[in-house]
Amino acid sequence: MFFYIIRKVNNCKHMGLFLFELKKAISSRFLWGMVLLLLILDIYVIYTQCRGNDSIDGHELIYEQVKGEITLDKINFVAEHYKNALRVVQEGNYSTKPNQKGTYTGFIFGDMSEFQYFYEELKYHYFYEGRIQDVLNQAASNINFYENIDNRYEVRKNQKIIDIYKKRSLNSFYEMKNMQEYLEYDYSCGFLLLLLFLATPNLFWMEKQIQMELLLKTSKIGIRKIACAKLAAVSAISLFFTTLFGATDFITFQFIYGLEGFRQPVYSIQDYAFSIINIPIWQYALLLQLFRFLACIGLGMFLSWLSAKLTDNVMIMAIGLAVIGNLILCCIYTDFLYNPLLLFEMNQICRNFQVIALMAYPVYQYQIILFATIGMSILLSADIIYTIKNKRFGFLHWVYENWKNYIKNN
């Protein structure tokens with residue numbers, strides 16, 4: 001459906017129509033004022049809510065010696081200093097005065113705490129491959145067991161575990177506290193929802209308010225091409241706002257806290273040890289932005305669908321808020337997967353191995369959410385185009401009536 005919309009806009013040399021519809025949607029000074037306000041609020045939230053690395057003096061000195069490729073010398077350096085500091089503290093043979101000689105932080109307690117932190121981090125990286133191998137061995141054992149009792153679903157599920165987690169290892173170390181904060185930051189998703197509410201409904205509702213709807217249907221351009229231009233404008237608005245806030249989030253985190261380790265695999269973050277995503281972090285960050293864009297597309301198509309069906313702007317906003325509010329509650333309190341808002345939470349969903357049974361095949365939860373959102377967007381787009389072409393109830397009603405007649409006759 002999206003390729004059909006773009007083809008209609010391009011092949012018929014009506015790019016000007018698309019730009020006109022786009023300009024109409026975003027020409028409001030109030031909208032741009034809200035964009036500026038929300039960008040400032042976004043930066044403020046990142047600055048105040050996200051912790052960053054809460055390090056003490058000496059932390060960077062130690063980190064500079066251990067970051068990068070993991071070697072035996074680095075492991076011994078951390079382990080020996082940690083054990084020595086721990087021994088001194090346990091024996092009680094230490095001074096409480098600041099700037100103690102032979103310490104990195106100025107205090108033996110500070111050294112013990114810092115080296116313990118790096119010891120645990122390097123321990124996770126060093127033993128990660130063996131930890132994953134235990135998972136693979138258990139999955140292989142499960143396959144043998146379930147093959148004997150002819151449980152094909154469990155065989156496929158455990159084979160998928162092997163396919164996902166095989167050949168994993170961690171060969172370098174970088175601090176990932178700031179990176180994890182960046183990946184899990186989602187306040188900007190709420191700002192995207194608000195801007196979609198302000199920008200997309202006007203594309204269809206405005207013609208009804210000024211009674212231009214009938215005149216547009218007589219245009220030689222064709223009402224279908226006009227509708228496609230409007231839907232392409234919704235997609236462009238979604239892409240623009242997603243890119244704008246995604247870039248703002250990244251630049252702000254990079255400037256205030258500093259981000260490194262973009263080439264590290266996602267599972268180099270301890271909380272993502274069993275993530276189903278086997279790509280570097282920089283690709284994963286772009287993937288999360290793609291999911292947000294698709295969520296905006298789905299919600300934008302829904303708001304456009306309401307705008308094409310209803311004539312009262314207050315009613316459009318009220319129903320839109322009610323539906324999205326319920327979808328938010330479903331995200332919080334239920335496991336309902338056919339919810340486009342879950343695309344904003346893909347970082348949590350992809351963190352662990354989560355599948356559901358679909359015709360005896362294990363399917364990742366994120367795949368269900370993704371295809372449900374894309375399918376909903378296509379149906380709503382088709383219904384909008386069908387409705388505008390003088391069909392009172394739209395494409396979905398036509399499908400329902402034909403299905404009802406088919407059931408009645410058979």
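FYI, the numbering just counts along the sequence from 1.
To the nearest 0.5 Å, the span separating CE on M179 from OH on Y272 amounts to 11.0 Å. Atom OH of residue Y267 and atom CD1 of residue I132 lie 8.5 Å apart, to the nearest 0.5 angstrom. Remark: L231 CG to I384 CD1 distance equals 5.0 Å, nearest 0.5 Å. Annotation: the span from M346 atom CE to R351 atom CZ amounts to 14.5 Å, rounded to 0.5 Å. Rounding to the nearest 0.5 angstrom, the gap separating the CD1 atom in I297 from the CE atom in M376 is 10.0 Å. Note that CG of L259 and CD of E181 are 10.5 Å apart. Values are rounded to the nearest 0.5 Å.
Heavy-atom neighbours of F262 CZ from other residues, nucleotides or ligands within 6.0 Å: above the threshold of 12. Under a cut-off of 6.0 angstrom, the local environment of CH2 in W282 is sparse, with at most 12 non-hydrogen atoms contributed by other residues, nucleotides or ligands. The environment of OH in Y126 is sparse: at most 12 heavy-atom neighbours from other residues, nucleotides or ligands sit within 6.0 Å.
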### Task
Carefully, step by step, assess L122 and Y119 under the rule side chain to side chain contact (heavy atoms under 4.5 Å, CB included).
CA-CA 5 Å; L122 289 176; Y119 178 81; over 6 Å; no
### Task
Kindly indicate, with the supporting measurements, whether the criterion side chain to side chain contact (heavy atoms under 4.5 Å, CB included) is fulfilled by V323 and L327.
CA-CA 6 Å; V323 171; L327 290 177; 4.3 Å; yes
#### Entry: Candidate pair V135 and F353, rule side chain to side chain contact (heavy atoms under 4.5 Å, CB included), full reasoning
CA-CA 12 Å; V135 174; F353 185 85; over 6 Å; no
### Task
For D134 and Q138, run side chain to side chain donor-acceptor pair (under 3.5 Å): C-alpha distance rounded to whole Å, both residues' side-chain angles, the deciding distance at 0.1 Å, then the answer.
CA-CA 6 Å; D134 292 338; Q138 183 61 53; over 6 Å; no
### Message
Does N347 form a side chain to side chain donor-acceptor pair (under 3.5 Å) with Y284? I'd like the steps, not just the answer.
### Response
CA-CA 9 Å; N347 188 49; Y284 183 64; 2.7 Å; yes
### Message
Under the criterion side chain to side chain contact (heavy atoms under 4.5 Å, CB included), I'd like the reasoning laid out for I143 against I162: C-alpha separation, chi angles, the key distance, then a yes or no.
### Response
CA-CA 10 Å; I143 289 175; I162 293 176; 3.6 Å; yes
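In this pair, F191 and F245 present their aromatic rings tilted. The plane angle is within the 30 to 60° band. Using bins of under 30°, 30° to 60° and over 60° for the plane-to-plane angle, the ring pair F253/Y182 lands in the perpendicular bin.
For S188 and D249, the side-chain atoms include at least one donor-acceptor pair closer than 3.5 Å. With 3.5 Å as the limit, one finds no donor-acceptor pair spanning the side chains of T242 and Q289. Under 3.5 Å, the side chains of Y82 and E120 contain no donor-acceptor pair of N or O atoms.
Judged purely by atom type and a 3.5 angstrom limit, S307 has no side-chain atom pairing as donor or acceptor with the backbone of L303. N339 places a side-chain N or O within donor-acceptor distance of the main-chain N or O of L341, the cut-off being under 3.5 Å. Side-chain atoms of Y174 do not come within 3.5 Å of backbone N or O of R263 as any donor-acceptor pair. Checked by atom type and distance alone, the side chain of K74 never pairs as donor or acceptor with a backbone atom of Q65 at under 3.5 Å. Between the side chain of Y257 and the main chain of Y47, a donor-acceptor pair closer than 3.5 Å is present. Checking side-chain atoms of N178 against main-chain N and O of G258 turns up a donor-acceptor pair under 3.5 Å. A distance-only check finds no donor-acceptor pair linking the side chain of D186 to the backbone of C189 [under 3.5 Å]. With hydrogens and angles disregarded, no donor-acceptor distance shorter than 3.5 Å links the side chain of S141 to the backbone of N137. Of the possible donor and acceptor atoms, none in the side chain of K157 sits under 3.5 Å from a partner among the backbone N and O of A357. Judged by distance alone, the side chain of E260 and the main-chain N or O of E175 form no donor-acceptor pair under 3.5 Å.
Residues F241 and R292 are not in side-chain contact: their nearest non-hydrogen atoms beyond the backbone lie 4.5 Å or more apart. Taking 4.5 Å as the limit, some side-chain heavy atom of L370 sits within range of a side-chain heavy atom of F291. Contact check for S304 versus L380: no side-chain heavy atoms found under the 4.5 Å cut-off. Using a 4.5 Å heavy-atom cutoff, the side chains of F145 and E154 are not in contact. Contact annotation: the side chain of I281 approaches that of M176 to within less than 4.5 Å [non-hydrogen atoms, C-beta and beyond]. For the pair L31/L195, a side-chain contact is recorded, criterion being any heavy-atom separation below 4.5 Å from C-beta on. D42 is listed as a side-chain neighbour of Y185, based on a closest heavy-atom distance under 4.5 Å. Between Y153 and R156 there is no side-chain heavy-atom pair separated by less than 4.5 Å.
Closest non-hydrogen pair, E114 versus I62, comes out as CB-CD1, 3.8 Å. Closest of all the heavy-atom pairs between P265 and L170 is CG-CD2, 3.7 Å. The minimum heavy-atom distance linking S275 with I164 is given by the pair O-CG2, 4.3 Å. Closest heavy-atom contact between F115 and V78: O-CG1, 3.7 Å. E129 and S169 get closest at one heavy-atom pair: OE1-CB, 3.7 Å. The two atoms that bring S268 and Y124 nearest to each other are O-CE2, 3.7 Å, heavy atoms only.
Cation-pi contact between R168 and Y128: absent, since separation from the ring centre below 6.0 Å together with deviation from the ring axis within 45° is not met. Within the cation-pi definition used here (under 6.0 Å to the ring centroid, within 45° of the axis), K160 qualifies as a partner of Y364.
Using a 4.0 Å cut-off between charged side-chain N and carboxylate O, E121 and K177 make no salt bridge.
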